Amino acid sequence: MAAAGAGSGFSFVRSLSGLFRSSRLAAPPQRLSWLHTGSSLSSKSWERKNLKVFPPQQPEEPRRPAEIHHCRRQIKYSKDKMWYLAKMIRGMSIDEAVAQLEFNDKKGAKIMKEVLLEAQEMAVKTHNVEYKSNLHVAESFSSKGKYLKRIRYHGRGMFGIMDRVYCHYFVKLVEGPPPRTEQKTGLDQAKEYVQMLKDRTVIHSL
Amino acid sequence: MAMSVRRTLVGVYRGTCNSLKTVEASVEVRHPLPLVLPARTKKRYFIPPAVGIKGKQQEDPEARARAAGVVIQQQYMERPINIACTAGVFDPYIPPEGDARLSTLSKEGLKQRTEQIRQSAASQLAIRKIKEHDSLFSTKTFAEQAQEIFIEAHRALTQFNKEKLHSLVTERCYPEMTRGNRHKTIRWSFVESLEPPRVVHARCPDMVTKGNLYGQVTVRLHSKQTLAIYDRFGRLMLGSEEQPKDVLEYLIIERHLINPYGRWRLHGKIVPSWAPAKDPVIKTILIPGPQLKPWQEYDTLNYEVPKPAAVQWYK
């Protein structure tokens with residue numbers, strides 16, 4: 001059994017090496033890669049999205065809208081509380097978003113407004129955006145930053161580990177007016193529901 | 001008080017113990033105290049780090065070492081810097097007004113055409129100095145060489161080949177050529193040369209110490225070029241690829257003469273004050289208006305957009 005195991009192991013290794021050799025000669029397909037090309041220890045990939053260069057467009061192609069990625073790291077605020085604001089401004093035009101955040105009472109709103117204005121300035125200065133109001137928020141989300149851990153003292157010698165929360169905030173501005181979402185009326189939804197009921201079929205029926 | 005306690009105790013024991021013969025003895029014998037076990041506090045499996053540690057790092061290890069008498073040799077952080085190019089253009093060439101604008105058949109045109117470098121004594125002196133260090137130098141062949149350097153440098157810029165660009169262009173010119181171009185696509189081509197390139201000016205300044213000679217030669221180049229700059233998203237920002245333009249340029253080529261491995265490299269360009277305005281960028285740009293005081297109003301009709309003064313500048 002040991003010999004068989006070893007034999008199968010050896011054949012397995014041989015097949016593996018064969019696989020490697022044959023596929024090193026031919027270019028490996030993009031989908032399978034044996035290298036872990038995901039995140040490294042400190043991957044600031046959002047900032048690197050601004051460095052991507054597209055090839056020049058042909059004159060008959062539709063004009064590619066400019067995309068500006070901006071973020072702020074280690075904001076002293078909770079990611080869950082920041083999420084509410086990020087969700088609010090998704091899909092708004094930049095002027096609308098800035099106006100809403102200016103009159104919002106939350107602490108994160110002030111920081112978010114600064115980030116948006118920075119991104120707008122960057123867009124006009126470095127990314128060749130023509131009109132600074134012609135931008136809308138395509139993506140906006142928050143994520144967890146690196147927390148500092150502290151001790152919260154309880155009674156009877158018990159303690160808890162307290163987290164000083166930090167969050168990151170990411171935003172992507174795209175040139176152009178904000179995309180219009182179709183507003184479905186109640187009648188439309190009802191019609192759809194009825195249609196769905198009508199489309200049901202009974203299988204294995206006579 | 002002890003006597004009264006004893007008496008009460010005796011009375012108590014007489015009442016409680018019936019057959020105690022040794023009543024007195026029992027009063028004197030010390031009863032053992034009930035067993036007292038030390039009760040343990042809750043065992044702390046984790047002791048949080050002490051709060052006072054934060055303020056403890058004020059002691060300076062340097063001060064302690066000095067007090068102890070330990071001498072550490074001063075380590076000077078020195079890094080030798082090699083300066084291979086000058087910081088600017090010394091005594092720039094002032095191109096005559098109307099250069100390449102007048103037809104060659106008129107009197108002015110003839111004068112310009114026959115104007116030779118012999119007229120300027122300082123340039124002659126500079127050329128003689130250059131010939132001392134570089135025996136192969138000659139004004140006739142140098143102009144062609146300069147054109148080649150120019151073409152190669154701009155081709156390397158379109159490819160963004162950093163090493164090649166550094167070898168063809170000085171360190172002063174490199175950031176001017178490449179600033180903002182990293183994430184843009186530049187398409188440039190040299191169509192043809194309209195006039196043979198000419199050496200018009202030469203200077204030999206020395207930097208810092210006497211004898212550290214750099215040679216700067218100005219070459220006049222009249223040519224046809226096409227330029228198209230696309231931004232990060234592939235949209236045309238400036239120029240066009242099909243339409244060539246006539247370009248009159250004054251290039252400054254520099255070399256560190258003392259250095260035996262020095263090479264002639266592009267150092268800059270001179271833009272004369274009478275040069276025609278460049279094509280505008282394909283974009284509307286916001287020009288900030290005048291700074292108004294609170295009581296002032298913006299008068300659209302009377303306000304003129306300030307234009308930059310027509311001054312020669314070298315880039």
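Proteins come first, then strands; the chains are lettered A, B, ... in the order of their sequence lines, and each starts at number 1. Keep in mind it's a predicted model, so treat the numbers as computed, not measured.
Between A/E118 and A/R72, at least one side-chain N (NZ, or NE/NH1/NH2) sits under 4.0 Å from a carboxylate O, which counts as a salt bridge. A salt bridge does not link A/K110 with A/E114: every distance from a Lys NZ or Arg NE/NH1/NH2 to an Asp or Glu carboxylate oxygen is 4.0 Å or more. One finds no salt bridge joining A/E67 and A/K49 here, because no Lys/Arg side-chain nitrogen approaches an Asp/Glu carboxylate oxygen to under 4.0 Å. Salt bridge annotation for A/E47-A/K44: absent, with no cationic side-chain nitrogen under 4.0 angstrom from a carboxylate oxygen.
Heavy atoms closer than 4.5 Å to chain B are found nowhere in A/P59, neither backbone nor side chain. Heavy atoms closer than 4.5 Å to chain B are found in both the backbone and the side chain of A/L51.
Annotation: maximal heavy-atom pairing with chain A below 4.5 Å, among B/K184, B/K283, B/R235, occurs at B/R235. In terms of non-hydrogen atom pairs under 4.5 Å with chain A, the most contact-rich of B/T185, B/T284, B/L286 is B/T284.
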